[in-house]
Enquirer: 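Okay, here's the structure, questions in a sec.
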Amino acid sequence: MFLMALDIFRLHETWWLQDGAHLAISGAITVVFAALGYAVHGVSRSGAVAGALVCFILFVSLGPPAFLALLALFVITWLATRVGRLRKQRLGTAERREGRSASQVFANLGTAALCALLHGLSGDFWWLIACAAAMSEAAADTVSSELGQAFSRRALLITNLETVPPGTDGGISLRGTAAGVLAACLVSAVCVATGMIPARWLFLAALAGVCGMLFDSFLGAWLERSGYVSNDVVNFASTLAAAVLGGLSAGLF
């Protein structure tokens, strides 16, 4: 039954690559999505171009389910960046008004796009779980950071539990972490609801995303806070860790 379900999902995905009209639809939706992202200041001009590339890869590799998961991720993270914006501005941690740049988009979504492309080329199902885990991590990381800064009076450094101001690299809070867990579950649930991944893998994808979120905090405390790496490097490494954990676990179990 499980193998039959995988064959159905695979057929549903790859038909987008077999017809020029479907590619045109994918391209048109991609352009509209990128334009809307730019219009609402979710991404900058370079970010819109990067987002369009990621969106197109996801669409042609996995079909509409991946696009809907990406759309859910965008809406969730965009709303999170708008919550408590005045407080974040006072803290000096608010996202730039023009939105995320190309490097930020690739850092957060590059892993998911790569996993989608590899699944489209190989058909191996664990790339689907890896893709879902990477998107869940991207949502969890952004939401935990943004809502933690908006609602928490203090944060604890994940490495030694030292009290630090909200927004500090490697700082975590109860409210922010809980919000991040919820975001990971929501994105994973969308992946299941749209048929991108089977329901049996929902918990695994969400758990891998949460683990990636915590890994992001460790890297932030150890490396980013000391100036050894940039936030983009930390974000990419964290989505990659979530994808590896999700994909390997699905392949083993």
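What you see below is based on every heavy atom in this structure, not just the backbone, and it leaves out hydrogens, waters and symmetry mates. By convention here, the first residue in the shown sequence is residue 1.
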Enquirer: Give the minimum heavy-atom separation between Gly195 and Pro65, together with the two atoms involved.
Expert: C-CB, 4.4 Å
Enquirer: Mind checking whether Cys55 and Leu70 have side chains closer than 4.5 Å, heavy atoms only?
Expert: yes
Enquirer: Only one of Val234, Asn235, Leu240 clears side chain to side chain contact (heavy atoms under 4.5 Å, CB included) with Ser238; which?
Expert: Val234
Enquirer: Got a second to check how far Met135's CE is from Ser188's OG, nearest 0.5 Å?
Expert: 9.0 Å
Enquirer: Applying side-chain contact (heavy atoms from CB on, under 4.5 Å) to Leu157 and Asn160, what does each step give before you reach the verdict?
Expert: CA-CA 6 Å; Leu157 202 62; Asn160 59 13; 3.5 Å; yes
Enquirer: Within the 4.5 Å heavy-atom criterion, are Ser249 and Leu204 side-chain neighbours or not?
Expert: yes
Enquirer: Would you mind reporting whether Cys131 and Leu58 have side-chain heavy atoms less than 4.5 Å apart?
Expert: yes
Enquirer: Within the structure provided, determine whether Trp201 and Leu128 are in side-chain contact (heavy-atom separation under 4.5 Å).
Expert: no
Enquirer: If hydrophobic clusters are built by linking Ile, Leu, Val, Met, Phe, Trp and Tyr wherever their side-chain heavy atoms come under 4.5 Å apart, do Phe106 and Leu109 end up in the same one?
Expert: yes
Enquirer: Using the rule given for side-chain contact (heavy atoms from CB on, under 4.5 Å), can you reason through Leu219 versus Val229, listing the C-alpha separation, both sets of side-chain angles and the distance that settles it, and then say yes or no?
Expert: CA-CA 9 Å; Leu219 291 181; Val229 298; 6.0 Å; no
Enquirer: Quick one: does Leu147's side chain get under 4.5 Å of Arg175's, heavy atoms only?
Expert: no
Enquirer: Considering non-hydrogen atoms only, spot the tightest contact between Ala69 and Met196 and give its length.
Expert: CB-SD, 4.4 Å
Enquirer: Heavy-atom distance under 4.5 Å between the side chains of Asp232 and Gln104, does that happen here?
Expert: yes
Enquirer: Would you say Phe125 and Val192 are hydrophobically clustered, going by side-chain heavy atoms of ILVMFWY under 4.5 Å?
Expert: yes
Enquirer: Which side-chain N or O atoms in residues 31-54 pair as donor and acceptor under 3.5 Å with protein atoms at least two apart or in another chain?
Expert:
unit_1, atom_1, unit_2, atom_2, d
Tyr38, OH, Arg45, NE, 3.2
Ser44, OG, Ser46, OG, 3.2
Ser44, OG, Gly47, N, 3.2
Ser44, OG, Arg100, O, 3.2
Ser46, OG, Ala102, N, 3.2

Enquirer: Identify the two heavy atoms, one from Met213 and one from Ala140, that lie closest to each other, and give their separation to 0.1 Å.
Expert: SD-O, 3.6 Å
Enquirer: Between Leu156 and Val164, is there a shared hydrophobic cluster once you connect ILVMFWY residues whose side-chain heavy atoms come closer than 4.5 Å?
Expert: no
Enquirer: Is there a side chain to side chain donor-acceptor pair (under 3.5 Å) between Thr77 and Thr142 once you walk through the steps?
Expert: CA-CA 6 Å; Thr77 55; Thr142 298; 5.6 Å; no
Enquirer: Any side-chain donor-acceptor pair under 3.5 Å between Thr111 and Thr239?
Expert: yes
Enquirer: Under a single-linkage definition using a 4.5 Å side-chain heavy-atom cutoff for Ile, Leu, Val, Met, Phe, Trp and Tyr, are Phe215 and Ile158 assigned to the same hydrophobic cluster?
Expert: yes
Enquirer: Determine, stepwise, if the pair Val60 / Phe56 fulfils side-chain contact (heavy atoms from CB on, under 4.5 Å).
Expert: CA-CA 6 Å; Val60 299; Phe56 186 73; 3.6 Å; yes
Enquirer: Specify the closest pair of heavy atoms between Ser122 and Trp127, including all atoms of both residues, with the distance to one decimal.
Expert: OG-CD1, 3.3 Å
Enquirer: Determine whether Phe59 and Ile29 satisfy the following criterion, side-chain contact (heavy atoms from CB on, under 4.5 Å), listing intermediate values before the conclusion.
Expert: CA-CA 9 Å; Phe59 215 127; Ile29 292 176; 3.7 Å; yes
Enquirer: Excluding sequence neighbours, so at least two apart, what forms salt bridge (Lys or Arg N to Asp or Glu O under 4.0 Å) with Glu162?
Expert: none
Enquirer: Which heavy atom of Ala242 sits nearest a heavy atom of Ala208, and at what distance?
Expert: CB-O, 3.4 Å
Enquirer: Is there a path of hydrophobic side-chain contacts, each under 4.5 Å between heavy atoms, that joins Leu62 and Leu121?
Expert: yes
Enquirer: Please find the pair of heavy atoms, one from Val187 and one from Ala139, that lie closest to each other, and give the distance.
Expert: CG2-CB, 3.5 Å
Enquirer: Please round to the nearest 0.5 Å and tell me the distance separating atom OG of Ser217 and atom CG of Asp141.
Expert: 7.0 Å
Enquirer: Is it the case that Asn231 and Glu224 place a side-chain donor and acceptor less than 3.5 Å from each other?
Expert: yes
